[in-house]
Amino acid sequence: MTTVGIDDISIYSPGFFYPLEDLAHRHGVDPAKYLYGIGQEQMAVPSPDEDIVTMAANAVAPVLTADVRERISTVIFATESGVDQSKSAGMFVHGVLGLNPNCRVVEFKQACYSATAGLQFACDLVRHRPSEKVLVIASDIARYERNSEGECTQGAGAVAMVIAKNPSLVEIHPQSGLFSLDVMDFWRPNHRDAAYVDGKLSIDVYLRSLRESYADFCRKDGMPLAAIEKLCFHQPFTKMSKKAFAALREAAGAEADHLDETSYAESQAYGRQIGNTYAASLYIALASLLDNCAEDLGGRNIGLFSYGSGSVGEFFAATVRQGYRRRLRTRAHRALLAGRREIDYATYVAWFYNSAKSAEDRVCPEETAGRYRLAAIDAQRRVYAAARNLELNAAACP
Ligand code: CAA
């Protein structure tokens with residue numbers, strides 16, 4: 001069978017962050033709760049001229065080689081913070097980046113899980129038609145009520161993955177364990193900017209979903225855990241990976257004896273600085289693992305768990321390709337995070353909360369450090385543009 005998987009991966013997160021230590025002081029909470037209890041240091045904050053489309057365009061732009069442009073047959077945009085009830089966010093990206101007109105573009109939604117559905121569908125498309133490439137994009141802004149328990153887990157970011165045969169980075173194996181359960185642990189009705197969440201229930205359902213997906217994976221003769229050396233979990237906050245690992249170890253028994261906290265430590269580095277990115281979170285964790293693991297992972301296997309509230313879970317396995325490091329974008333990813341600017345509480349509140357609320361037409365002043373921006377909402381049409389500070393931003397966003 002043709003080997004299929006991720007041929008390229010690129011992440012983007014806004015050029016501004018708000019430190020959780022400051023949020024803890026505002027909330028009258030011991031900062032150690034956010035820094036260690038939750039495991040988050042910073043929250044990425046989009047400026048008012050950034051949204052899921054501009055974040056996605058910034059993530060996609062670096063992977064658009066001439067070959068990718070020519071061979072993309074399908075663009076799958078995974079998000080739970082969609083900007084339109086009808087038009088796919090991917091169509092805006094298609095326009096902003098001038099993608100090949102002879103391709104299909106769709107949006108997928110199932111909370112934080114949808115990017116995994118996109119990845120699996122993309123792999124099956126390529127297995128069926130190996131000359132094609134599929135672009136899978138995940139982009140989200142994780143937004144909770146102000147002063148709620150979820151606020152400290154907020155964040156924003158996007159990931160773009162090129163799915164192709166004979167991939168340069170990781171092969172995705174076709175067997176996966178699945179578990180779906182209709183539950184109200186986290187949801188966002190159409191009229192709301194911020195999610196409703198039953199935090200404790202969401203953790204319980206996440207962990208149940210992991211156990212059930214893993215059991216299904218074993219029933220389907222998925223790769224034995226004994227052959228897996230690294231793990232990546234959906235990561236709403238980095239402490240969740242620790243909880244997930246403990247649940248998996250208990251479920252797997254002796255098969256997991258060779259695994260410990262170092263098996264997923266590198267997957268937490270980017271998420272700790274960015275915050276939750278919903279659909280993008282698992283794949284930002286994967287990029288973090290590939291970029292930051294000091295050992296050469298070529299030929300080694302990774303177990304991945306994807307979870308989307310509401311709820312769907314999927315456990316699957318991937319094998320890192322030999323020579324993968326040549327194709328990584330480690331330097332660009334690190335420069336992106338290192339180049340971000342800290343903002344104060346007033347700016348965070350104005351940008352994260354107040355700017356999201358308005359459905360009115362407006363012209364957006366240029367604030368972004370990215371290459372693409374939301375320039376205006378004109379007669380209820382979203383108008384996207386290249387940033388005027390393009391050269392400046394290209395340095396901040398290589
Ligand atoms: N020093 C160190 N640690 C401290 C501390 C201190 N001073 N004070 C508290 N802690 C620890 C607690 O012991 C606890 O650790 P454990 O979980 O290991 O026991 C941790 O900090 C958190 O404390 P609380 O449980 O009291 O936190 P909370 O009730 O205020 O809220 C939360 C935590 C429920 C996760 C909340 O942030 C939330 O609702 N988040 C959004 C929902 C979410 O992310 N759910 C995850 C699963 S669902 C999913 O994954 C989908 C998705 O993306 C949303």
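Atoms within a ligand are numbered from 1 in the order they appear, just like the ligands themselves.
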Suppose I only count heavy atoms of [X] and a 4.0 Å limit; which atoms of ligand 1 are within that range?
X      : value
Val197 : 42 (C)
Tyr144 : 41 (C), 42 (C), 54 (C)
Asp30  : 7 (N)
Ser202 : 42 (C), 43 (C), 45 (N), 46 (C), 47 (C), 48 (S)
Phe186 : 54 (C)
Gly199 : 34 (C), 39 (O)
Cys112 : 51 (C), 52 (C), 53 (O)
Tyr307 : 48 (S), 49 (C), 50 (O)

Report yes if [X] has an N/O atom closer than 3.5 Å to an N/O atom of ligand 1; otherwise report no.
X      : result
Asp185 : no
Lys239 : yes
Tyr206 : no

Using heavy atoms and a 4.0 Å limit, tell me yes or no: is Tyr36 in contact with ligand 1?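 It does not; every heavy atom stays at 4.0 Å or beyond.
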Min heavy-atom dist Lys243 to ligand 1 below 4.0 Å: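 Heavy atoms of Lys243 do come under 4.0 Å of ligand 1.
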Between Leu119 and Ile163, is a side chain to side chain contact (heavy atoms under 4.5 Å, CB included) present by the stated rule, with each step listed? CA-CA 8 Å; Leu119 172 70; Ile163 309 306; 3.4 Å; yes
Examine distances only and state if a side-chain atom of Asp49 and a backbone atom of Thr368 form a donor-acceptor pair shorter than 3.5 Å.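 Side chain of Asp49 to backbone of Thr368, a donor-acceptor pair under 3.5 Å: yes, one is there.
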I'd like to know if the side chain of Glu342 reaches the main chain of Phe17, judged simply by a donor and an acceptor atom lying under 3.5 Å from each other, with no hydrogens or angles considered.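 Checked: no pair found.
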For ligand 1, note which part of [X] has a heavy atom under 4.0 Å away: side chain, backbone, both or neither.
X      : value
His234 : side chain
Val205 : neither
Ala32  : both

Trace of the side chain to side chain contact (heavy atoms under 4.5 Å, CB included) decision for Met55 with Tyr372: CA-CA 8 Å; Met55 292 195 302; Tyr372 303 96; over 6 Å; no
More than 12 heavy atoms of other residues, nucleotides or ligands under 6.0 Å from OH of Tyr324: is that the case?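 It does: Tyr324 OH has more than 12 such atoms within range.
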When you look at CD of Gln380, are more than 12 heavy atoms from neighbouring residues, nucleotides or ligands closer to it than 6.0 Å?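 Yes - once you tally the heavy atoms of other residues, nucleotides and ligands closer than 6.0 Å, there are more than 12.
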In Å, rounded to the nearest 0.5 Å, how long is the span from CG of Asp7 to CZ of Arg321?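 Between Asp7 CG and Arg321 CZ, I get 9.0 Å after rounding to 0.5 Å.
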In terms of ring plane angle, is the pair Phe245 and Tyr264 parallel, tilted or perpendicular, where the classes change at 30° and 60°?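 Correct class here is tilted.
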Tell me, please, whether Tyr206 has Lys243 positioned over its six-membered ring: NZ or CZ under 6.0 Å from the ring centre and within 45 degrees of its axis?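 Pair Lys243/Tyr206 does not count as cation-pi.
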Kindly state whether the ring of Tyr214 and the ring of Phe315 have centres lying under 6.0 angstrom apart.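 They qualify: ring centres under 6.0 Å apart.
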For [atom], what is the closest protein heavy atom, and at what distance to 0.1 Å?
atom                    : answer
atom 25 (O) of ligand 1 : Lys200 NZ, 2.6 Å
atom 40 (N) of ligand 1 : Gly150 CA, 3.7 Å
atom 8 (N) of ligand 1  : Lys33 CB, 3.5 Å
atom 22 (C) of ligand 1 : Ile38 CD1, 3.9 Å

Option of least heavy-atom distance to atom 37 (O) of ligand 1 (set: Glu149, Lys242, Glu151, Gln154):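 The nearest heavy atom belongs to Glu149.
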Which is closest to atom 50 (O) of ligand 1 in terms of heavy atoms, Pro236, Gly155, Ser209?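 Looking at heavy atoms only, the winner is Pro236.
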Determine whether Val126 and Leu99 fall in the same hydrophobic cluster, where Ile, Leu, Val, Met, Phe, Trp and Tyr are linked whenever their side-chain heavy atoms lie under 4.5 Å apart.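 No, Val126 does not connect to Leu99 through the hydrophobic network.
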